[in-house]
Number of protein chains: 2
Amino acid sequence: MSTAQPPPGASRPGGRTARTRQAVLDAVFEELGEGGYAALTMEGVARRSGVHVATIYRRWRSVEGLVCELMADLSGGIPLPDTGTLRGDLRALARSIAAFYTEPRYCGLLEAVVSAAARQPEAADVLRQFFDQRLRLAGSMVPRAAARGELPEGADPDEVVAALGAPFYYRLLIARRPVDIRLADRAAEAAWVAARAGVFAPAAGTADGVRDGTDAVRDAAGSVRDASGSVGDTADPA
Amino acid sequence: MSTAQPPPGASRPGGRTARTRQAVLDAVFEELGEGGYAALTMEGVARRSGVHVATIYRRWRSVEGLVCELMADLSGGIPLPDTGTLRGDLRALARSIAAFYTEPRYCGLLEAVVSAAARQPEAADVLRQFFDQRLRLAGSMVPRAAARGELPEGADPDEVVAALGAPFYYRLLIARRPVDIRLADRAAEAAWVAARAGVFAPAAGTADGVRDGTDAVRDAAGSVRDASGSVGDTADPA
DNA sequence: GACCTAACGCGAGATGACTCGCGTTAGCGT
DNA sequence: ACGCTAACGCGAGTCATCTCGCGTTAGGTC
């Protein structure tokens, strides 16, 4: 978070520019901690950082821009677990994520980025790229596990890590409740069981190619398979 | 969506009031379809609906208010699948959700509600209550399955349904890509496998009480269990 | 150490979101 | 059919957000 790397084309990367940048981003982070995205205003950031409002507008254009750059700052160095087993890796990663989002400032940042992405296409790009990178990095645990024979062949690393992370974002953004360690362990366990069962293997289209260790896999297949083409219509399920 | 129920205390529920209400909410819905939440402005809604801006402000206060009422309108009548097996129910529900969010207007509504919740506590309440109700309704498939002996005892219905839904919201809000039927089938299969393995049983704290049909459940336990208390600290995992 | 200029501070001005008061319309009771 | 009043249309007014131009500061360069 403190790797204040100057923008590539900056003609004056040293001293003051970097200083104001850091002051502003720190202020954004603090503001997000108190009151979340709702309380994040340009005036507030200016007041807290001591940088003039016009300067902030010049460099970042909007609160969305601020939030994007703050998030992009986080992309350095994910500590990738390597416990020796996929199950251990998944649990360790899940607990790291839980610890991360226990911090209110990071919760606020998540809300802010998701909200920003809903308003500005550029913010959406930043968000997508950030999480794509995270998936790619964390996904390295999957081929390791496959090499150890822990998983059926062809498990998609992105899918496994996405399955691990999804419950956190559901909890925070949809259910709107805090994360806890029980959520982390359940998420890790669910991802592990599903991965082991071959749910995340390519397996062409529907999940009928699933191999799992249990019996009774084949019930219920007939009654829903005929609904294959129903995704296109606009039926209202709610 | 068309059950224009008048507000409880409304002293004049008929005719014009309901008409303008419907016109406005329809306009919001359409605006969300074109350009999403970014393009949702009071002026736009007023222009499209033919209702004056001041009137919309009077009744709904803000765009967040509009979005909340539109979402609350959706709460009527979730079609609950009942295919005879939990696996079939999960897949049917997942495909319904996929179909739902294939419609751009509902995607926009989701984005809008999540964004609104990040700004207004009341919107957050509406969002939470809405999804709580959805979980409660859809969760009925779980005790049915338990009664048929498809699941280990004590599986938490909310957890099962949340696990089913989470991948959709991850895909839409975080990965920022469209949902498809493959996602639906994978989500259903993952939720089913995990539920069957006992991941969503209460099982006191950590997930060590898991019973699954596979072997090798017990590797990896030692190396991460000691990290139990690490959620409280503010370590930065990203 | 002296020059050059990108970046910043500052205040005035423009833009758009939001509110208010009044006259009018139309649902609802009698 | 008549009157009552909640809800709406309308335009002016207010306020916060955002931009612009100029003078100043301080990095970078020779």
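Note on naming: letters A, B, ... go to the chains in the order of the sequence lines (proteins, then strands), and numbering restarts at 1 for each one.
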Handout entry: Trace of the salt bridge (charged side-chain N to carboxylate O under 4.0 Å, His left out) decision for E31(A) with R105(A)
Key = CA-CA 8 Å; E31(A) 290 280 312; R105(A) 289 176 296 189; over 6 Å; no
Practice task
Assess whether side-chain contact (heavy atoms from CB on, under 4.5 Å) is satisfied between R59(B) and T17(B), documenting all intermediate values.
Solution key: CA-CA 10 Å; R59(B) 286 187 61 175; T17(B) 299; 3.5 Å; yes
Exercise for the section: Begin from the C-alpha positions of V113(B) and C68(B) and carry the test side-chain contact (heavy atoms from CB on, under 4.5 Å) through to its verdict. Expected result: CA-CA 7 Å; V113(B) 169; C68(B) 284; over 6 Å; no
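Comparing the start and finish of the helix from dG1(C)-dC30(D) to dT30(C)-dA1(D), five pairs each, the helix axis swings through 40°, to the nearest 10 degrees.
For I56(B) and dA17(C), the CD1 to C1' distance is 13 Å, given to the nearest whole Å. A straight line from CZ of R19(B) to P of dA26(C) spans 8 Å, rounded to a whole angstrom. As rounded to whole Å, 18 Å separates atom P of dA12(D) from atom OH of Y57(B). In this structure, R61(B) atom CZ and dA17(C) atom P are separated by 17 Å, rounded to whole Å. Atom CZ in R58(A) sits roughly 8 Å away from atom P in dG9(C) (whole-Å rounding). Atom CH2 of W60(B) and atom C1' of dA17(C) are 18 Å apart (whole Å).
Residues forming a side chain to side chain donor-acceptor pair (under 3.5 Å) with S49(A) (at least two apart in sequence, or on another chain): none. A155(A) meets the side-chain contact (heavy atoms from CB on, under 4.5 Å) test with V142(A), L151(A); sequence neighbours excluded. For R144(A), the side-chain contact (heavy atoms from CB on, under 4.5 Å) partners two or more places apart in sequence, or in a different chain, are D82(A), D89(A), S140(A), M141(A), R148(A). By the salt bridge (Lys or Arg N to Asp or Glu O under 4.0 Å) test, D132(A) is found to be paired with R177(B), residues two or more places apart in sequence or in another chain being considered.
Against DNA chain D, the stretch residues 114-122 of chain A makes no heavy-atom approach under 4.0 Å. Taking a 4.0 Å limit (strictly below) on heavy-atom distances, residues 40-54 of chain A reaches DNA chain C at G50(A), V51(A), H52(A), A54(A).
Between the side chain of R171(B) and the backbone N or O of R176(B), no donor-acceptor pair lies under 3.5 Å. A donor-acceptor pair under 3.5 Å is formed between the side chain of S96(B) and the backbone N or O of A92(B).
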Distances under 3.5 Å between protein N/O atoms and the N/O atoms of nucleotides 23-25 of chain D, please, pair by pair.
{"unit_1": "dT25(D)", "atom_1": "O2", "unit_2": "R16(A)", "atom_2": "NH2", "d": "3.0"}

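In the set dC8(D), dG27(D), dA7(C), dA7(C) carries the atom at the smallest distance from any side-chain atom of T17(A). Considering only the side chain of T55(B), dC8(D) comes nearest among dC8(C), dC8(D), dT19(D).
The list of salt bridge (charged side-chain N to carboxylate O under 4.0 Å, His left out) pairs with a residue in residues 34-45 of chain B, not counting sequence neighbours, reads E34(B)-R48(B). Listed by first and then second residue, the salt bridge (charged side-chain N to carboxylate O under 4.0 Å, His left out) pairs involving residues 118-127 of chain A are D125(A)-R128(A) (not counting sequence neighbours). Residue pairs meeting the ring-ring contact (aromatic ring centres under 6.0 Å, His included) criterion with at least one member in residues 159-183 of chain B, sequence neighbours excluded: Y169(A)-Y170(B), Y170(A)-Y169(B), Y101(B)-Y169(B), F131(B)-Y169(B). Residue pairs satisfying the side-chain hydrogen bond (donor to acceptor under 3.5 Å, both in side chains) criterion with at least one member in residues 156-165 of chain B, sequence neighbours excluded, are listed as follows: R186(A)-E159(B).
Counting only heavy atoms from C-beta outward, the side chains of H52(A) and T55(A) approach each other to under 4.5 Å.
Looking at heavy-atom distances under 4.0 Å, T20(A) makes contact with sugar-phosphate atoms alone, never a base.
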